[in-house]
Amino acid sequence: MNRGIYTTSLGMTGLQRAMDVTANNLANSSTVGFKRDGLIFQDTLQRKMYANGGIGQEVGVLGAGADAVREFTVKEVGALTETGNPLDMAIRTPEGMFGLKVGNEVRYTRDGAFALDAERRLVTKSGFPVLDKSGAEIVVPAGRLEVADGGLISVDGKPIAQVGVYSSNTFEKYGENLYTGPAKLPAMDESPIAAGSIESSNVNAVESMLDMVRIGRLFELSQKSIQSQDELLQRLISSLNE
């Protein structure tokens with residue numbers, strides 16, 4: 001096996017994955033409450049090198065190339081924008097999610113662009129019911145609606161429900177801007193919900209586009225490196241056959 005070609009091709013695999021992650025981030029730069037993803041790289045194999053054909057003093061370590069081993073989500077809070085819609089809500093802190101009823105399961109999201117459906121349930125744009133701090137769906141009766149910071153919903157001056165903010169150390173992306181995982185309502189003195197606001201994506205579109213350009217250039221350089229190594233190997237074989 002040509003170690004140089006193997007190491008370079010492994011790096012190209014990681015670059016392709018990095019391009020996919022960056023492209024997905026860029027595609028969601030305008031998605032409410034979206035959190036960008038990143039990649040963790042590590043050396044796949046390290047070999048200790050010794051002098052005198054392997055029996056002498058240790059002279060260093062030779063790696064076998066970097067590989068993308070795990071994706072992670074950046075929890076940084078996106079910009080909060082006031083909308084004037086009392087049903088829009090945003091979470092001010094990096095931790096915490098809104099709870100949703102999705103079929104028979106509970107899912108979570110940072111997208112607080114809510115509305116009322118035909119049954120006057122508080123729902124997401126996709127129609128998933130929002131859960132209160134006791135885990136129940138929120139039904140809003142007709143009347144003068146008010147939503148205070150902290151997610152307390154009142155009708156005609158009477159409190160009817162408070163939107164829950166759920167916390168977990170193991171939230172995982174589920175798709176459609178939803179998360180899954182065991183979660184609970186943390187003990188807190190004050191709910192971090194900002195009423196009448198939504199949280200923008202924490203993706204910087206310009207930085208993501210620049211990252212895609214850099215990744216593309218690195219991929220092209222890796223291709224040229226493999227071509228050069230292959231040509232050198234062919235020359236070496238030809239010289240040995242002469």
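These numbers come from the heavy atoms of this one structure, side chains and all, not from hydrogens, waters or symmetry mates. A quick note: this is a predicted structure, and the numbers were derived from the prediction, not measured.
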- Message: On the six-membered ring of Phe171, is Lys35 placed so that its NZ or CZ lies under 6.0 angstrom from the centre and within 45° of the ring axis?
- Response: no
- Message: Would you say CD of Glu71 has more than 12 non-hydrogen atoms from neighbouring residues, nucleotides or ligands within 6.0 angstrom?
- Response: yes
- Task: Provide the closest heavy-atom pair for Ala90 versus Leu80 in the form atom of the first, atom of the second, distance.
- Result: CB-CD2, 3.7 Å
- Asp211/Arg214 salt bridge by N-O under 4.0 Å criterion: yes
- Task: Quickly, which of Tyr179, Tyr174, Phe128, Tyr166 forms a ring-ring contact (aromatic ring centres under 6.0 Å, His included) with Tyr108? Name it, please.
- Result: Tyr166
- Going by an N to O cut-off under 4.0 Å, is there a salt bridge joining Asp149 and Arg92? yes
- Query: Is there a side-chain contact between Ser222 and Leu15 (heavy atoms, below 4.5 Å)?
  - Reply: yes
- Query: What distance separates Asp111 CG from Lys125 NZ, expressed to the nearest 0.5 Å?
  - Reply: 4.5 Å
- Message: Given 3.5 Å as the limit, does a donor-acceptor pair link the side chain of Ser201 with the main chain of Asn28, or not?
- Response: yes
- Can you tell me how far the CZ atom of Arg110 sits from the OG1 atom of Thr31, to the nearest 0.5 Å? 14.5 Å
- Message: Looking at Arg36 and Glu76, is there a salt bridge between them, counting it only when a charged N and a carboxylate O are closer than 4.0 Å?
- Response: yes
- Flag the pair Met212 / Leu26 as yes when at least one side-chain heavy-atom distance between them is below 4.5 Å, and no otherwise. yes
- Query: What closest approach, in Å, do Ser191 and Gln162 show between heavy atoms, and which atom pair accounts for it?
  - Reply: CB-NE2, 3.9 Å
- Query: Going only through I, L, V, M, F, W and Y residues with side-chain contacts under 4.5 Å, is there a path from Val77 to Val163?
  - Reply: no
- Closest heavy-atom pair, Ala161 versus Ile138, reported as atoms and distance to 0.1 Å, is CB-CG2, 3.9 Å
- Task: Check whether any side-chain heavy atom of Ile193 sits under 4.5 Å from a side-chain heavy atom of Val165, and report yes or no.
- Result: yes
- Message: Does Phe114 form a ring pair (Phe, Tyr, Trp, His ring centres under 6.0 Å) with Phe98? I'd like the steps, not just the answer.
- Response: CA-CA 11 Å; Phe114 301 142; Phe98 299 109; 5.1 Å; yes
